[in-house]
Amino acid sequence: MHVPVISNLGQHLYPRKGGGGRGGGGKGGGGSKGSGDGGSTGSGGGIGSRGAAVPVSGSTVGRTSAVSYGSGTTKVVTIPAGQPFFGRTSGGATRDQIYGSRAYGSGYPGHTGLGVAGLGFPFVFWPLVWGGGLGYGAAYLHANHEYGEPNNSSRPGGPQVQAAFSSNTTNTTFHVVSDNSTVTALIASIRANCTVASNSSTTPLSFNGTASDPKPEQAVQYYRASSVVLTLDGYNDTSALSDNSSAPPAPLPSNIDTTLLSCLNDTIGEAVPLFDDSDSSSAIPHLAIPNVGLIGLAYLAWCMTHLL
C-alpha cells in the first residue's frame with residue numbers, strides 16, 4: 001500500500017490513503033525506529049501492539065473494548081434514551097477514514113466545515129474539546145460546551161490527557177491530545193515505532209485546557225473525527241482562531257524534525273485504537289440467560305410441552 005510522505009510542508013501535512021501497512025516515517029533524523037540515541041524499545045504483544053485490546057470506559061453505547069491497529073466498525077446504532085446525546089448515531093467508520101486535516105471538525109466521514117457541534121460519533125469516541133478558560137478563539141472551537149470540559153469522565157476512554165514526544169536531533173516537540181485510553185495506547189505504539197528523545201512521555205499527562213497546555217493554533221493534524229490531535233510546540237496557525245473556513249493554514253516551521261513528524265503521523269493513523277466489528281463487546285444488549293442447571297432445564301422443557 002502506498003504510504004505518502006509529507007510534501008510541501010509549508011502548506012499541508014498529507015494524510016495516508018488507507019490504514020493498512022506499517023507506519024514509521026522515513027529514514028534518518030530522529031523519527032523512524034532504529035538504534036538512535038535516546039530512543040525507546042517496544043516490548044511487543046503488550047498495550048499498543050497490533051491487535052491489542054484497549055479497555056474503553058465512559059459513554060460508548062455498550063461497547064467496552066477498542067483495538068490498536070483495528071479496522072473500525074461498520075455497525076451504526078442510534079444512541080438510546082437515557083444516554084448522553086440520545087438520538088445521534090454511533091459507529092460506522094473504518095480505518096481508511098481516520099485522517100482529517102489541520103481543521104477542528106475534520107475527519108468526520110461526509111462532513112465538511114468547521115466545528116463539531118451537533119454531530120454524531122462515527123468512531124464512537126467523542127471529539128476532543130479545547131476547554132473554555134483561554135478566553136480567545138472562534139466560537140466553533142468551543143461548541144457551546146456540549147461535550148463538557150476536558151475532565152469529563154463520561155467521555156469514551158476517560159478524561160482528556162496528553163503526551164509529549166521530542167526529537168533527539170532538533171529542538172522539536174509534538175503533543176498528542178485525546179482521551180486517556182487512546183493516549184495510553186498511542187504512547188506504546190509510538191515508542192515502538194518512532195525514535196524519540198529520552199524525555200518523551202511514558203505515561204499520559206493531564207490536560208486541562210489552560211494556557212500551558214497545547215492550543216488549537218498549534219494543531220498539525222486531527223484524526224478519528226477530531227477525537228485525536230497532533231500539535232507542535234511553537235507553531236502558531238492563527239487561521240485556526242478564525243471562523244473563516246477558507247483561510248489557509250500558516251506554514252510549518254522549516255527547522256523541525258520532519259522525519260519524526262512523518263513517523264508520528266503514520267503511526268497514529270495506523271495504530272490509534274478503533275472499535276472493531278470483531279470485538280466481542282456489542283452496542284446491542286444481550287438477553288441474560290440464568291444458569292438453572294439440568295434439573296431446571298428439564299422442568300422448563302416439561303412446562304413447555306404441557307403448554308403447547
Side-chain angles (χ1 to χ4, degrees), residues 1 3 6 13 15-16 18-26 29-36 38-56 65-72 94-100 107 123-125 128 156-158 160-168 173-205 207 214 220-225 227-231 257 259-276 279:
M1 174 169 288
V3 180
I6 298 172
L13 174 62
R16 242 160 31 108
R22 176 181 173 83
S32 58
K33 186 64 181 177
S35 58
S40 55
T41 303
S43 57
I47 187 168
S49 62
R50 188 174 300 275
V54 180
V56 180
S65 180
V67 181
S68 291
Y69 295 88
S71 59
T94 54
R95 178 70 61 181
D96 61 356
Q97 299 167 307
I98 204 74
Y99 283 98
F123 292 98
V124 183
F125 294 91
L128 62 87
Q160 285 179 207
V161 292
Q162 60 179 302
F165 300 99
S166 298
S167 169
N168 60 4
T173 298
F174 299 94
H175 284 80
V176 175
V177 180
S178 190
D179 62 90
N180 183 69
S181 293
T182 295
V183 172
T184 299
L186 282 177
I187 288 173
S189 300
I190 288 169
R191 293 183 73 90
N193 285 283
C194 305
T195 299
V196 295
S198 58
N199 63 344
S200 298
S201 295
T202 57
T203 58
L205 307 170
F207 178 90
V220 172
Q221 182 76 40
Y222 287 91
Y223 311 83
R224 206 181 63 182
S227 63
V228 184
V229 68
L230 178 66
T231 68
D257 187 341
T259 305
L260 177 57
L261 172 56
S262 180
C263 185
L264 292 170
N265 184 53
D266 285 347
T267 302
I268 295 170
E270 283 198 14
V272 67
L274 297 182
F275 289 94
D276 268 2
D279 180 23

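Values below: all heavy atoms of this structure, side chains included; hydrogens, waters and symmetry mates excluded.
- Residues P273 and T182 approach most closely at CD-CG2, 4.1 Å, considering heavy atoms.
- Counting only heavy atoms from C-beta outward, the side chains of V54 and T184 never approach each other to under 4.5 Å.
- Put simply, the side chain of S201 does not reach to within 4.5 Å of the side chain of H175, judged on heavy atoms.
- Side chains of F207 and P214 form a contact here, defined as non-hydrogen atoms less than 4.5 Å apart.
- Contact annotation: the side chain of C194 approaches that of T267 to within less than 4.5 Å [non-hydrogen atoms, C-beta and beyond].
- A distance of 9.0 Å separates OH of Y69 from CZ of R95, quoted to the nearest 0.5 Å.
- For residues 193-204, the set of pairs meeting the salt bridge (Lys or Arg N to Asp or Glu O under 4.0 Å) definition, not counting sequence neighbours, is empty.
- Here CG of L264 is found 5.5 Å from CG of L230. Values are rounded to the nearest 0.5 Å.
- The OG1 atom of T231 sits 7.5 Å away from atom CD of Q162, with the distance rounded to the nearest 0.5 Å.
- Side-chain contact check for T94 versus S71: every heavy-atom pair is 4.5 Å or farther apart.
- Residues D266 and N193 form no side-chain contact, since every pair of their non-hydrogen atoms from C-beta on lies 4.5 Å or further apart.
- How far CG of N265 is from CZ of F174: 10.0 Å, rounded to the nearest 0.5 Å.
- The shortest non-hydrogen separation linking S166 to T173 is OG-OG1, 2.9 Å.
- For the atom pair I187 CD1 and L205 CG, the distance stands at 7.0 Å (nearest 0.5 Å).
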* Criterion side-chain contact (heavy atoms from CB on, under 4.5 Å) on Y223 and S178, from CA distance to verdict -> CA-CA 10 Å; Y223 311 83; S178 190; over 6 Å; no
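- Here the side chains of I190 and V176 are in contact, with some heavy-atom distance below 4.5 Å.
- Here the side chain of D276 pairs a donor or acceptor atom with the backbone of G72 at under 3.5 angstrom.
- Closest non-hydrogen pair, A53 versus S65, comes out as CB-OG, 3.5 Å.
- Contact check for V56 versus F275: side-chain heavy atoms found under the 4.5 Å cut-off.
- Once rounded to the nearest 0.5 Å, the distance linking CD1 of I98 with CZ of F123 reads 4.0 Å.
- Scanning both residues, T195 and L260, for their nearest heavy atoms gives O-CD1, 4.0 Å.
- Between A52 and I47 the shortest heavy-atom distance is CB-CA, 4.4 Å.
- S49 places a side-chain N or O within 3.5 Å of a backbone atom of G46 that can act as its donor or acceptor partner.
- Scanning all heavy atoms of the two residues, the minimum distance from A66 to F125 falls at CB-CZ, 4.3 Å.
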